[in-house]
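Sequential numbering from 1 along the given sequence is applied to the chain's residues. In listed order, ligands and their atoms are each counted from 1.
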Amino acid sequence: MSPDRRVTVRVPAKVNVQLAVGAARPDGFHDLANVFLAVSLYDEVTATPADSLRITCEGPDAGQVPLDRTNLAARAAELLAARHGLEPAVHLHIAKNIPVAGGMAGGSADGAGALLACDTLWGLDTPRADLLDICAELGSDVPFSLVGAAALGTGRGEHLTPLEAGTFHWVFAVADGGLSTPAVFREFDRLTAGTAVPEPAASPALLAALRSGDPDALAANLANDLQPAALSLRPQLAATLDAGLGAGALAALVSGSGPTTAFLVRDPEAALKVAAALEASATCRTTRTATSPAPGATVLLP
Ligand code: ATP
């Protein structure tokens, strides 16, 4: 293999347009009905041959990304190499644009990106089903980062059924500091203790709205069962949600476990207006605009 050979994979962030959470199972996990939508906000993972596994990261949030073996990109390389009896001798460079610990599956994106980048660099051509198995071993959101577009995730979120989706426009407000996903689930358990938590199920109205591409219909059906828990841990997010709605967003919700908030808007012009109002409101650190659906992990041509 030529030492200057490199493979770059682009991989999207996600927003959950429905996140239905069941009661905690005996193993501590929760059954979910998770409607994932990939959005055009991307990390890029570049793999180059190296003497041993090494991770580097660039971007505004790079300081918060672990560069050791706990990085999901490193774990992806190790799992793939082990499956093929290889050493994970690779340098993985992450160009990070997805907010860290923001509920947009940034770490999962890098895991899926690294997996595809290493598979391509090492010429393995691992069957898609095996790549998806490795993704599920890495984490509940990782299989979706590989496939992208729109999908319903059941189980812990890792069993995926592709969905049809029209085009939608989004603004994301990035909060100061992250929220730990396990902490948000613990708060969900605390808030729902003693209540009958229904079995999680995808909403037929939400799925129809997603298919139709009608932003008003989608706005009426967005739902996140983790939102009360995220707001309980981070009450200031309510002001961010209000600021976006006040500026004309059709709907607002916490993205996944937060603290990023997501605003559905009618068109790109509305996105710019809502983003400017959110920035002026000083209720968030920064904003991003994006469209959905976006493709899953994709090898970029050199
Ligand atoms: P999700 O939406 O899947 O719950 P998230 O977007 O809230 O995830 P991530 O950005 O994936 O959160 O990061 C969660 C934690 O995972 C970070 O605080 C960090 O310690 C760890 N982590 C491991 N690998 C990565 C990575 N490649 N990029 C960012 N964080 C990573």
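- Applying the 4.0 Å criterion to heavy atoms of T70 picks out, from ligand 1, the atoms 23 (C).
- In terms of protein heavy-atom proximity, atom 11 (O) of ligand 1 is closest to G107 N, 2.7 Å.
- Residues passing the side-chain hydrogen bond (donor to acceptor under 3.5 Å, both in side chains) test with N71, sequence neighbours excluded: none.
- Nearest to atom 18 (O) of ligand 1 by heavy atom, out of A105, G113, G111, A101, is A101.
- Taking any N or O of G258, backbone or side chain, none lies under 3.5 Å from an N or O belonging to ligand 1.
- Residue P66 places a heavy atom under 4.0 Å from ligand 1.
- A salt bridge links E187 with R190; the closest basic N to acidic carboxylate O contact falls under 4.0 Å.
- Here side-chain hydrogen bond (donor to acceptor under 3.5 Å, both in side chains) pairs that include residues 26-35, with residues two or more places apart or in two chains, are N16-N34, R25-D27, R25-D31, H30-D189.
- Judged by distance alone, the side chain of S232 and the main-chain N or O of P228 form no donor-acceptor pair under 3.5 Å.
- Protein heavy atom at the shortest distance from atom 4 (O) of ligand 1 is T181 OG1, 2.8 Å.
- Near S108, with a cut-off below 4.0 Å to any heavy atom, the atoms of ligand 1 are 3 (O).
- Set against the non-hydrogen atoms of K14, the atoms of ligand 1 under 4.0 Å away are 2 (O).
- Side-chain N or O atoms of S255 include one that pairs as donor or acceptor with a backbone N or O of G103 at under 3.5 Å.
- Under a 3.5 Å cut-off, the side chain of N224 and the backbone N or O of G256 do form a donor-acceptor pair.
- Nearest protein heavy-atom contact of atom 24 (N) of ligand 1 is L72 N, 3.1 Å.
- In terms of polar-atom proximity, G103 is counted as a contact of ligand 1, with an N or O under 3.5 Å from an N or O of the ligand.
- With a 4.5 Å cut-off on side-chain heavy atoms, W122 and L80 count as touching.
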Worked verdict on D43 versus R10 for salt bridge (charged side-chain N to carboxylate O under 4.0 Å, His left out): CA-CA 6 Å; D43 280 358; R10 195 182 72 163; over 6 Å; no

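- Within a 6.0 Å sphere centred on CD of E87, heavy atoms belonging to other residues, nucleotides or ligands number 12 at most.
- Ring planes of F188 and F185: perpendicular class, angle over 60° (limits at 30 and 60°).
- Which parts of ligand 1 touch K96 is read off a 4.0 Å heavy-atom cut-off, strictly below it: atoms 28 (N), 29 (C).
- Protein heavy atom in closest approach to atom 17 (C) of ligand 1: V100 CG1, 4.3 Å.
- The shell of residues lying under 4.0 angstrom from ligand 1, judged by heavy atoms, excludes G256.
- Remark: distances from the non-hydrogen atoms of A73 to ligand 1 are all 4.0 Å or more.
- Within the set D43, D110, I98, V184, the minimum heavy-atom distance to atom 28 (N) of ligand 1 is found for D110.
- No side-chain heavy atom of L32 sits under 4.5 Å from any side-chain heavy atom of P200.
- Distance check on atom 15 (C) of ligand 1: every protein heavy atom falls at or beyond the 4.0 Å cut-off.
- Scanning the protein heavy atoms around atom 1 (P) of ligand 1, the nearest turns out to be D141 OD2, 3.6 Å.
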